[in-house]
Amino acid sequence: MSVFAILDPAVGLAHDVVAAFAQVVPTALAIVLFTVCVRLALHPLARAASRGEKARARLAPRIAELNRKHKGRPEKLQAALAELYREEKASPFAGCLPMLVQIPFFSVMYRLFTTPNDLLGHTLFGAPLGLHVGSAHGAGEWAVFAVLYAGLAALGYVNFRRARRAQAKQAAQAPQPAQSQGAQAQPALALLPYLSFGTVLFAALVPLAAAVYLLTTSTWTAAERAWLYRDGAPEPAVPALA
């Protein structure tokens, strides 16, 4: 039995909601509307994550100073960091936990759109929603996949540029010792922005319905980040994949 089977009750509920939308609008549009509703419900978590990222960026110079001051004394460093976070009413995990909470929601949607069900028998411009790109035939079906992949690639490029800018800004603001240490890890860090294009590769492995979901959620993520970081605050250097 698949590990994802524990999500089946939630998947069944999600199926019923999408099916209800599909009674009013085309099924592909129902997937878009359902995805938007879920992302809207998760928006408070994204706001919490952005606040955590901004707090870490604001405290970064003081954390670097504490690292320098207590170098070689891990116990004193941990105590000083704990005191700093307590004074600032911040947490080193504030930006991470909200993102982890979202994983079950994304897992439900992934299973819904990749497990055979009646929704996948509907079509998008003549292409079945359960169709994989490897099984596509005819110009019409190829065109549908091409448009979706082009949209995902465009969003990947936007995220790639933003991740590169975030890396450059962090490197410029880092103290000299941190820059020296960062240079040693430069080859690995330089590859991180290219993960922005991972969604395109993943979309090639899933049915058309899941690609529609990926395009919708990726568009939401790009717009949400632009809104949350509109004040010029540093963004995470790790690209958003969804």
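We're numbering straight along the sequence, starting at 1.
Taken from OG1 in T199 to CG in L215, the straight-line distance is 10.0 Å, to the nearest 0.5 Å. Taking OH from Y149 and CG from L214, the interatomic distance works out to 9.5 Å, rounded to the nearest 0.5 Å. One finds the CG atom of N117 at 4.0 Å from the CG atom of L120 (value rounded to the nearest 0.5 Å). Rounding to the nearest 0.5 Å gives a distance of 11.0 Å between CG of L131 and OG1 of T123. We find the NE2-CG distance between H15 and L119 to be 4.0 Å, quoted to the nearest 0.5 Å. If you take CG on L42 and OG1 on T217, they are separated by 8.5 Å, rounding to the nearest 0.5 Å.
Applying the 6.0 Å contact sphere to CZ of R58 captures more than 12 heavy atoms from other residues, nucleotides or ligands. A 6.0 Å sphere centred on CZ of F105 holds no more than 12 heavy atoms belonging to other residues, nucleotides or ligands.
Considering only residues two or more places apart in sequence or on other chains, K76 meets the side-chain contact (heavy atoms from CB on, under 4.5 Å) condition with H70, R73.
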**Message:** Would Y229 and K54 count as a side-chain contact (heavy atoms from CB on, under 4.5 Å) here? Give the steps.
**Reply:** CA-CA 9 Å; Y229 295 95; K54 291 175 183 179; 4.1 Å; yes
**Request:** Please step through side-chain contact (heavy atoms from CB on, under 4.5 Å) for the pair F106 and Y213, ending with a clear verdict.
**Result:** CA-CA 10 Å; F106 295 145; Y213 155 69; 3.3 Å; yes
**Request:** Decide side-chain contact (heavy atoms from CB on, under 4.5 Å) for V206 and F113; before the verdict, give the C-alpha distance in whole Å, the side-chain angles of both, and the deciding distance to 0.1 Å.
**Result:** CA-CA 8 Å; V206 295; F113 301 140; over 6 Å; no
**Message:** With side-chain contact (heavy atoms from CB on, under 4.5 Å) as the criterion, how do D8 and R111 come out once you've worked through the C-alpha distance, each side chain's angles and the decisive distance to 0.1 Å?
**Reply:** CA-CA 8 Å; D8 284 350; R111 185 163 175 81; 2.8 Å; yes
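No continuous path of hydrophobic side-chain contacts links L205 to W142 [ILVMFWY only; heavy atoms under 4.5 Å]. In terms of hydrophobic clustering, with Ile, Leu, Val, Met, Phe, Trp and Tyr side chains grouped at heavy-atom distances under 4.5 Å, V133 and V147 are assigned to different clusters. When the side chains of ILVMFWY residues are joined at heavy-atom separations under 4.5 Å, either directly or via intervening members, Y110 and L201 end up in two distinct hydrophobic clusters. A continuous path of hydrophobic side-chain contacts links F21 to V36 [ILVMFWY only; heavy atoms under 4.5 Å]. Note: the hydrophobic cluster containing L13 does not contain M109 (ILVMFWY, side chain heavy atoms under 4.5 Å, direct or indirect links).
With contacts defined as side-chain heavy-atom distances shorter than 4.5 Å, the pair R47/W227 qualifies.
Side chain of R162 to main chain of A222: a donor-acceptor pair is present (N/O by atom type, distance under 3.5 Å, no hydrogens or angles).
The two residues P207 and L129 come nearest to each other via the heavy atoms CB-O, 3.6 Å. V25 and A30 make their closest contact through CG2-N, 3.8 Å (heavy atoms, listed as atom of the first residue, atom of the second, distance). Nearest heavy-atom pair across T27 and A22 is OG1-CB, 3.8 Å. Here the closest heavy-atom approach between residue E87 and residue R62 is recorded as OE1-NH2, 3.9 Å. Heavy atoms only, all atoms of each residue included: E141 and A136 are closest at OE1-CA, 3.4 Å. Closest non-hydrogen pair, S196 versus N159, comes out as OG-C, 3.4 Å.
Aromatic ring centroids of F197 and F160 lie under 6.0 Å apart.
For the pair R68 and E65, the salt-bridge criterion is met [side-chain N within less than 4.0 Å of a carboxylate O].
The hydrophobic cluster around L59 extends to I63, L66, L77, L81, L84, Y85, counting ILVMFWY residues whose side-chain heavy atoms fall within less than 4.5 Å of a member.
R39 and T216 form no side-chain donor-acceptor contact under 3.5 Å, judged by distance and modelled atom types alone.
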